[in-house]
Number of protein chains: 2
Amino acid sequence: MIYTEKRTEQELRKNGFKITPQRRAVIDAIAGSHEHLTPAAIYNRVRREHPSIGLVTVYRTIEVLAGLGLICETHAGGSCRSYLMRRPSEHHHHLICSDCGKVVDFTNCDLDDLESRLVKETRFKINGHLLEFLGQCLECSKIKGR
Amino acid sequence: MIYTEKRTEQELRKNGFKITPQRRAVIDAIAGSHEHLTPAAIYNRVRREHPSIGLVTVYRTIEVLAGLGLICETHAGGSCRSYLMRRPSEHHHHLICSDCGKVVDFTNCDLDDLESRLVKETRFKINGHLLEFLGQCLECSKIKGR
DNA sequence: AGCCAAATGAAAACGATTTTCAATTAGTAA
DNA sequence: TTACTAATTGAAAATCGTTTTCATTTGGCT
């Protein structure tokens, strides 16, 4: 736990960010919870020990931490809700190029085993899933290399 | 396709909702797409054929359809983003309750075979993936039934 | 101690969604 | 067919979460 906070600060420093009491407080709040916290929940926790902090600062700190991959975000960015007609079968998924945004569809995600395992373990009633692969398409790999 | 629209109207009627041209238009728009559509995207499609419709009506129709389980909603309602400290053990995924927003983590997504298949077929360089299952947790299934 | 870019907080701006309310309309009953 | 009523609609305002702006403060360097 304390190890996590230390490591997080090192990582911030390494990337040229400053360590402020506010950032420490946000990191402590997230590291001190094993639940997923919404920005508002993080704000409330931080305020207990640090009443004068602004919600804006919480958002900005979250942005930095997520940008460095130090915290993990549920729900990829972009707009929040989307809808699809519920059909008997057919569904598909996306393979997205992070550089040019090209989207390739694919089917046969073959998640049935995984789904049954989850149903058994969590007792959830599962309605669907969202699966996206992210990477670079052939063209972009050629151009940008790396 | 037409079958889907018909069935949807029947289901609305059965539940005491009226069939209006606006609702027909929204249903057509969603049924006519194999992609997940955001409310705004639905609105834009509907306006092509029905320019005077209000965005509010689109939202209200979506709400009714989703409430009856006729369309499937990606991303649980309520606030959109939540964060968790990324710990050494790392890579995990989410199972999200669409009703109360509860998030259960799981690991072992076992997507390596699928990933190699996609690399072979598309020549993408794959950097990562996003996998979320959506459903109802045990508590919410009990409350809401269905 | 002093400097400067980075970070902060308050307020305003913003976009998505919801509520309010008066006017319209679908579906039923006469 | 006409008339009635509750449901539905659209416009505007309200609300919620998030982002931007900007003047002030501060961490980390010299």
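First the proteins, then the strands, lettered A, B, ... as listed; each starts at 1. If you're wondering where the values come from, they're calculated on a predicted model, not measured in any experiment.
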Verdict with supporting geometry, E9(A) and R24(A), salt bridge (Lys or Arg N to Asp or Glu O under 4.0 Å): CA-CA 8 Å; E9(A) 286 192 18; R24(A) 276 221 179 81; 2.7 Å; yes
Sugar-phosphate only, base, or nothing, as touched by R60(B) at under 4.0 Å among non-hydrogen atoms: base
Over how many whole Å does the gap from [X] atom [atom1] to [N] atom [atom2] extend?
X	N	atom1	atom2	value
I62(A)	dG17(D)	CD1	C1'	12 Å
I53(B)	dT8(D)	CD1	P	14 Å
E63(B)	dT8(D)	CD	P	12 Å
H50(B)	dT25(C)	NE2	C1'	12 Å
Y43(A)	dG17(D)	OH	C1'	13 Å
N15(B)	dA7(D)	CG	P	14 Å
L55(A)	dC16(D)	CG	C1'	11 Å
Q10(B)	dG27(C)	CD	P	14 Å

Letter per nucleotide, 5' to 3', of nucleotides 23-30 of chain D [B base touched, S only sugar-phosphate touched, - untouched; heavy atoms, 4.0 Å]: ----BS--
Out of [options], which one pairs with [X] under the side-chain contact (heavy atoms from CB on, under 4.5 Å) rule?
X	options	answer
I27(B)	L12(B), L70(B), I71(B), T4(B)	L12(B)
F17(B)	I19(B), N15(B), T20(B)	N15(B)
R47(B)	I42(B), L55(B), V58(B), I53(B)	I53(B)

Shortest non-hydrogen contact from I126(A) toward F133(B):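 Minimum heavy-atom contact is CG2-CD2, 3.8 Å.
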More than 12 heavy atoms of other groups within 6.0 Å of E63(B) CD: no
